[in-house]
Structures are given as structure tokens and as C-alpha cells.
**Q** 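Here it is, the structure in full.
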Amino acid sequence: MIYMDNAATTRPFEEALETFEQVNRNFYYNTASIHPEGRKAGQLLEASRKQVLELLDLGGHKCVFTSGATESNNIAIQGVLRKKKQFGRTVLASKIEHPSVINVVEEMKDEGFDIKYIDTRKDGKIDLEDLRLKLDNDVIFLTVMAVNNITGAIQPVSEIAEILGDYPKVHFHVDATQSIAKVDMELDGPDTLSLSAHKFHGLKGAGALIAKQGGILHPVMYGGGHESGIRSGTVNLGAVAAMAKALRIATENKEENHERMAGYNERVRNAVSVLPSVHVQPGGAPHILNLSFEGAMGEVVVNALGARGIMVSTTSACASKFAALNETLLAMDNTEAIVKGSIRISFSSFTTDKEADILIEALNGVHKEIGGVLK
Ligand code: PMP
């Protein structure tokens, strides 16, 4: 099978798996224990933290290890809102955020917060004019992802940080999950950032919440006080060390991988955009490509590609089991037929030239096979 669902998760690097195994074999101690081996485990944890921050060019920031981006987004949103509630009650979010952001801000309505959504342009980027219109004195929090997980659209994070220069009260949170080691982006503007190791060939169950100033963080779950009290619970040291290892390898090869994935993306785009009734969404990040067979159901296309040995998804893995139409594509003003017929193809550094060729041939084959239903 050819794996092209890398926005859902990536295959771990061998080196990351080895690190995970070695750490669990040799440093299985609790990082909070004060006996000699516990201290060594604690040192490894701190070395991993330093490495992650340095690789992201965020030395001086605070890094809290979590179980992944869902947990990081929850801590950032719930924790910061509770801490800042006396300064205002309005929260701004883009319409195209991941459910681990949208569902959290929606939940915060019960605590008295008012949520306003920023419009999206047809190119999948947030509308900065609409952001400016909605920024007022009551706004205390803005959340915008770095790269959209459905289309790959790169969001103007630096420009937003600049706009917020005039609104010092607003906390700027960025879900950077899909951008890490994929897209070059200055990440020192936002106040907090979320990431997940398994999106850059680390392991599932490890992630980080990174903050410009640790003091703004507040726990949402209480316990023994690990991770400066922000994320209690014995630290998954093996997965954290494996994350630092994966980030190093992914960062070292970023340019070469970027060029290769961007090349595949372009080739597939060019090959399918000439086919009748095929609509290719504007993208941005090299690893994601979203396209629709107008008139067909996305599931049918995904299954037809599956029968040809290629694994892709309809919209996102998190949403693909539910019938609702994809919110990101709707926010970009796509028709219902385009949204229903959409599939997401996502590459990784493991993707090869030959696999890209096979994909193009398979897309042509599926197009012929289901041609009767296309608009
Ligand atoms: N944000 C974005 C943009 C994502 O793509 C994902 C993963 N689908 C997440 C957050 C959640 O990551 P995790 O499932 O690792 O918590």
C-alpha cells in the first residue's frame, strides 16, 4: 500500500522508535524522582526540552510537554481564558480551526465567553480585514492555526502578530501542528503554540505547548505538579525524547523534503486540474493537496484509490467518520458538490517519485471509472 494520509499521522522515523525503546529500557524512571536514576531521567527530559526549543528557534520560551496538540490547545485556551477573564470576554477564532480548538472555544461559552469567528477568503487564508473589524477592547484571545489541515493553506501568522501589536491585551494562540518541519515560519510572534510529535515522524502521545512567557499558563487538570504544574502526570519520557530526535531529523532535512513534496504537489495538481469536473483547492504547505471530483462522494473516491493500493482521506481523519460537511471548505465558499466530493492527499518525506506517478495514474483511472456521476 502507498501511504498518502500524512496529515492524519506520519510513519515514525526508525531513529525515533529506537530512542523510544532505549529510553524506556534504560531510563524508565519517573523524571520527578530524586534518586540518582530519576535525576538522570530528569536531565534527559530537560535536554529534550532544550533541543525542541532550539530546533524551533524559540530558545528562551517555555516548553510544557503534553500528550499532543489536542491537549496543548485545551490547556492554552481554557487555562489562558480563565486567567484573563477579568480583562474581557470576547474570543476570536478563525472558522477553519481544528476541532481541538473549535470545540474548546465553543465549550467556553458556558463560562461566559463570547466567541466570534473570523471569515476565510477563497484562498483558504483568514481575512485580515475581518480580523481588524472584530478586534475591539473586549477581545482577550485570538486563535489561528499556522497551516490548515484540510487544504494546507498557510496563515499569515507574522502579519497577525504585527496587527496585535496595537492590542496588547490579546493573547495570540497558534495551533502549529501542521506547520512544524514543513513550512518556514517565524513562530516567535504568538504567545502560545501547540504541536504534536506524530505529525513529524515522532510517536503518538507526545506533544508540546510552547509559551513566550510561562506565567500566562494555567493548568486544566490537577495532580502531582509535573511540567511546572501545567501538565501533571508522569512524563512519557521515551516519547518526549523520540519527539526531540524526530524534530532534529525532520528539521535537518527540511529544505530538501520541502522541495520534493512541493514538486509532487505541483505535479499532481497539474495532472488532475485538466480533468473535467475536478476542482483543486488552493493550497500552500507542500505536504497537503485537497481536490474534489464534483458530483461524486469523497468516500467513493477514497475507496476507489484504496482498491488501487493508495491510502488517502476525505477531509480530515478526525472528521471523516462523521457525515457533516467540512467546515473549512464551506468557509472558503465552496459549493456543496465540491465539499461532498473532496479528498485530501498528504505526502511526507517518505513519499517517492514513483508513488507520485502511481497516484496520478490512479486518479486518472478513478476519474474514468466514476465519470458517469461527475457533473
Ligand atoms: N491541530 C491540527 C491542525 C491537526 O491537524 C491535528 C491532528 N489532526 C490536531 C490539532 C490534533 O493533534 P493530536 O490528535 O495529535 O492531538
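Counting convention: from 1, in listed order, for ligands and their atoms alike. Source: prediction; values computed, not measured. We're numbering straight along the sequence, starting at 1.
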**Q** Looking only at distance, does Glu71 have an N or O less than 3.5 Å from an N or O of ligand 1?
**A** no
**Q** Applying the salt bridge (Lys or Arg N to Asp or Glu O under 4.0 Å) criterion to Lys109, which one of Glu111, Glu106, Glu107 satisfies it?
**A**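 Running salt bridge (Lys or Arg N to Asp or Glu O under 4.0 Å) over Glu111, Glu106, Glu107 with Lys109 returns exactly one hit, Glu106.
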**Q** Looking at Val170 and Val139, what are the two nearest heavy atoms and their distance?
**A** CG2-O, 3.5 Å
**Q** Please name the residue in the list Arg11, Arg344, Lys199 that meets the salt bridge (Lys or Arg N to Asp or Glu O under 4.0 Å) test with Asp5.
**A**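 The residue from Arg11, Arg344, Lys199 that satisfies salt bridge (Lys or Arg N to Asp or Glu O under 4.0 Å) with Asp5 turns out to be Arg344.
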**Q** Number the atoms of ligand 1 from 1 as they appear, then name those within less than 4.0 Å of a heavy atom of Met145, with their elements.
**A** 3 (C)
**Q** Taking only heavy atoms of Ser196 into account, list the atoms of ligand 1 that are under 4.0 Å away from them.
**A**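 That gives atoms 12 (O), 13 (P), 15 (O), 16 (O) of ligand 1.
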**Q** Can you classify the ring geometry of Phe350 versus His201 as parallel (below 30°), tilted (30 to 60°) or perpendicular (above 60°)?
**A**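 Geometry flag for His201 against Phe350: perpendicular rings.
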**Q** Do you know which two heavy atoms are closest between Ala41 and Thr31, and how far apart they sit?
**A**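 Closest heavy-atom pair between Ala41 and Thr31: O-CG2, 3.8 Å.
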**Q** Given Arg308 and Glu369, is the salt bridge (charged side-chain N to carboxylate O under 4.0 Å, His left out) satisfied, shown in steps?
**A** CA-CA 12 Å; Arg308 287 166 165 79; Glu369 190 177 294; 2.9 Å; yes
**Q** Within the 4.0 Å heavy-atom shell around Lys199, which atoms of ligand 1 are there?
**A**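 Result: 5 (O), 6 (C), 7 (C), 8 (N).
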**Q** With heavy atoms of Ser100 as the reference, note each atom of ligand 1 found under 4.0 Å away.
**A**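 Those qualifying, in numeric order: 10 (C).
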**Q** Below 4.0 Å from any atom of ligand 1, is there a heavy atom belonging to Lys204?
**A** no
**Q** Heavy-atom distances under 4.0 Å are what count here, so tell me which part of Asp175 touches ligand 1: side chain, backbone, both or neither.
**A**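 Within the 4.0 Å criterion, Asp175 contacts ligand 1 through side-chain atoms alone.
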